[in-house]
Amino acid sequence: MEQEVGQGCGGAALVPQVSAACELRKCAEQLQSRQRESRAAAMDGAARAVRGCLEQEGAQAELQPLLLLLLRLSRSCPFADIRDRSAGILRAVQDQNVKIPHPIGQGPSSFIPVKEILLEGQDDAERQLFIEAFMSTGRVDNVTMVMGLHPRYLESFWKTQYYLLQMDGPLPYHYRHYIALMAAARHQCSYLVGLHISEFLQVGGSPEWLNGLNSVPQKLKNLGEINKILAHRPWLITKEHIEELLRAGESSWSLAELIHAVVLLTHYHSLASFVLGCGLRPDLDQDGGFTFRPHSPRNCDSDSSCNSSGSEDTGNASTSREDLRELEVLMEKMKLLQEGRQNEEASQEEKASRFENEKRESLLVAPTDDNELLSSTNLSCFVEDADFGYKDFSRRGEQTPPTFRAQDYTWEDHGYSLINRLYPEVGQLLDEKFQVVYNLTYNTMAMHCDVDTSMLRRAIWNYIHCVFGIRYDDYDYGEVNQLLERSLKIYIKTVACYPEKTTKRMYVCFWRHFRHSEKVHVNLLLLEARMQAALLYALRAITRYMT
């Protein structure tokens, strides 16, 4: 293995420090090739750069990013030749008594055992999606790895995100990534902030902007108000907010630019919910994803306490029987509700009353202090009015805005066409993504097959919209109370409204007999329902401004 680092530099004694950074960029670009020969040449370049750093004193700063790139490639690259070669170079470096980085924790999620993701995501469709992701961005990040449990959705998500960030559009590329990190910072999502800081710099963004909102152009700073509203209380957005941003002047936004910004904000607010709701770890080359301490087999990952279902293995047979009974009760409720629909339908007055009851009851559904330590991050420089957060849509004794009746401003009839008119193709991509996740089913529930889950999926979607004040006139909200247990409601509301408070305990406590892939499915519904809710409020405000 020593020859991995020692071979082929044409007799050159030393490689200047500056060439290591250049070689790193060149290597990363060349690796994004479908040709095995090109990838091999890129890995040769990486080996040369590593050797150059090892031979030159004081080149540790240049060596670290190379080693972190190799660590990430050795674990998550979809090409086996790159994985094997990267691992070989790292071993060769270690053989020279140089510390190499090791992963902190096992797998992309601290909630989901790594074996679940590896076992459930190895079909050809997913591998091809991972290759496309790597070809586009040079990495298969942890979001992609976990979403890969549902390849049909991942394909739709990836197309949308790629279009928003990398295709022609109203906003310059560095603005797009800065808006993404502004949105993620509202929920203290250091994972997404870290990714987009790197992307921001790669597309030529000014490092000075990373000092915080006080260092950015006024135009971007002006976006702070709707950023916080859409992140936490989207029902408060008005046409006056839109008018203020579009007002003529040096810092004004065009309507097309604003639509692009609004879609990015809602996309990354919701993606932060997914990241935190699934307990995603930092990617291996991000802060918090690696350590240079020697690897020890005693550093057992906390995930090992989880079995292959969605629950923790407590070894308590009576608990397991109780959980199984809850599953059977849920199946029976679904059957009875389906039969009840055929026999008698609730009146409009009853449906309206049940919505109000569900909205009031949601006030009592909130995360409790269970002493589980949450990761603390300091992203305050990217956030204004940091104390502004989610506030229940309806509290007794307080004046609240009227309920948003979904039929008055629908995605299908209003939002979709407005986005498509001002930012072509994005409306179509979003619509496809909403449809894919809403209709996604494998006709299974835990160990049961051939199950129609449409009623359960609709209850989850409509409950998420309910906590954001959106009501469907044709839906009986009594079904939400019947189908969603309290632990699931707590999880949904936390992930949708204040995802930074999500804990592993909340994830473990709901649907204890369901597969992890089914819990990820819940998070995909959360992501998209939350995004659509915020978009509906924002697009309605834009429509009112335009009329």
Side-chain angles (χ1 to χ4, degrees), residues 1-33 36-108 114 134 137-142 145 194-195 198 202 281-301:
M1 286 298 175
E2 287 182 9
Q3 63 182 13
E4 278 286 15
V5 173
Q7 68 184 3
C9 252
L14 293 176
V15 180
Q17 282 193 32
V18 69
S19 72
C22 296
E23 198 71 59
L24 178 63
R25 286 192 295 270
K26 183 179 175 184
C27 167
E29 291 169 3
Q30 287 183 331
L31 285 172
Q32 294 168 239
S33 171
R36 192 182 183 97
E37 295 79 9
S38 298
R39 299 197 300 270
M43 293 309 300
D44 288 342
R48 283 196 300 273
V50 169
R51 195 192 80 161
C53 290
L54 291 174
E55 290 177 343
Q56 183 157 346
E57 288 186 23
Q60 184 63 34
E62 297 291 324
L63 180 61
Q64 179 167 322
L66 280 165
L67 296 181
L68 291 175
L69 172 65
L70 292 168
L71 174 65
R72 175 167 60 79
L73 293 173
S74 72
R75 298 301 182 102
S76 64
C77 180
F79 295 112
D81 55 322
I82 296 178
R83 288 198 306 273
D84 294 344
R85 187 78 187 278
S86 298
I89 295 173
L90 286 172
R91 284 194 298 269
V93 171
Q94 190 174 35
D95 288 345
Q96 297 192 29
N97 295 319
V98 175
K99 289 182 179 180
I100 63 171
H102 301 281
I104 295 177
Q106 300 175 23
V114 63
F134 186 79
T137 65
R139 68 169 60 230
V140 179
D141 61 28
N142 287 345
M145 292 283 285
L195 279 182
S198 298
Q202 281 185 25
R281 291 192 169 97
D283 287 355
L284 293 178
D285 54 351
Q286 283 186 298
D287 286 343
F290 64 89
T291 177
F292 276 89
R293 292 178 182 174
H295 181 69
S296 167
R298 288 181 299 174
N299 292 341
C300 180
D301 188 81

Would you sort out whether Phe134 and Leu73 count as a side chain to side chain contact (heavy atoms under 4.5 Å, CB included), showing the intermediate values? CA-CA 10 Å; Phe134 186 79; Leu73 293 173; 3.8 Å; yes
Audit row: Val93, Lys99, side chain to side chain contact (heavy atoms under 4.5 Å, CB included) steps and yes/no: CA-CA 8 Å; Val93 171; Lys99 289 182 179 180; over 6 Å; no
Side chain to side chain contact (heavy atoms under 4.5 Å, CB included) between Val50 and Leu70, intermediate numbers included: CA-CA 10 Å; Val50 169; Leu70 292 168; 4.0 Å; yes
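For the atom pair Ser76 OG and Asp141 CG, the distance stands at 8.5 Å (nearest 0.5 Å). Atom CZ of Arg72 is separated from atom CG of Leu67 by 13.5 Å, given to the nearest 0.5 angstrom. A distance of 13.0 Å separates OG of Ser38 from CD of Glu29, quoted to the nearest 0.5 Å. Note that CZ of Arg91 is 9.0 Å distant from OG of Ser74, once rounded to the nearest 0.5 Å.
Among Asp283, Leu68, Leu284, the single residue meeting the side chain to side chain contact (heavy atoms under 4.5 Å, CB included) criterion with Phe290 is Leu68.
When side chains are defined from C-beta on, Asp285 does not count as touching Leu69, because their heavy atoms never get closer than 4.5 Å. Counting heavy atoms from C-beta on, the side chains of Ser86 and Met43 come closer than 4.5 Å. A 4.5 Å side-chain heavy-atom check between Pro282 and Asp287 finds every atom pair outside the cut-off. Side-chain contact between Leu66 and Ile89: absent, with no pair of heavy atoms (C-beta onward) separated by less than 4.5 Å. The shortest distance between side-chain heavy atoms of Ile100 and Leu71 does not fall below 4.5 Å. Between Cys77 and Val140 there is no side-chain heavy-atom pair separated by less than 4.5 Å.
For Arg85 and Asp44, the salt-bridge test passes: some basic side-chain N is under 4.0 Å from an acidic carboxylate O.
Remark: side-chain polar atoms of Ser33 are not paired, donor with acceptor, to backbone N or O of Gln30 under 3.5 angstrom. Remark: the backbone N or O of Ala40 is not paired with any side-chain donor or acceptor of Asp81 at under 3.5 angstrom. In terms of modelled atom types and a separation under 3.5 Å, the side chain of Arg281 and the main chain of Gly288 share no donor-acceptor contact.
Both tests pass for Arg39 against the ring of Phe79: distance under 6.0 Å to the centre and angle within 45° of the axis.
By the neighbour-count criterion of 12 heavy atoms within 6.0 Å, atom CZ of Arg83 is densely surrounded, having more than that number from other residues, nucleotides or ligands.
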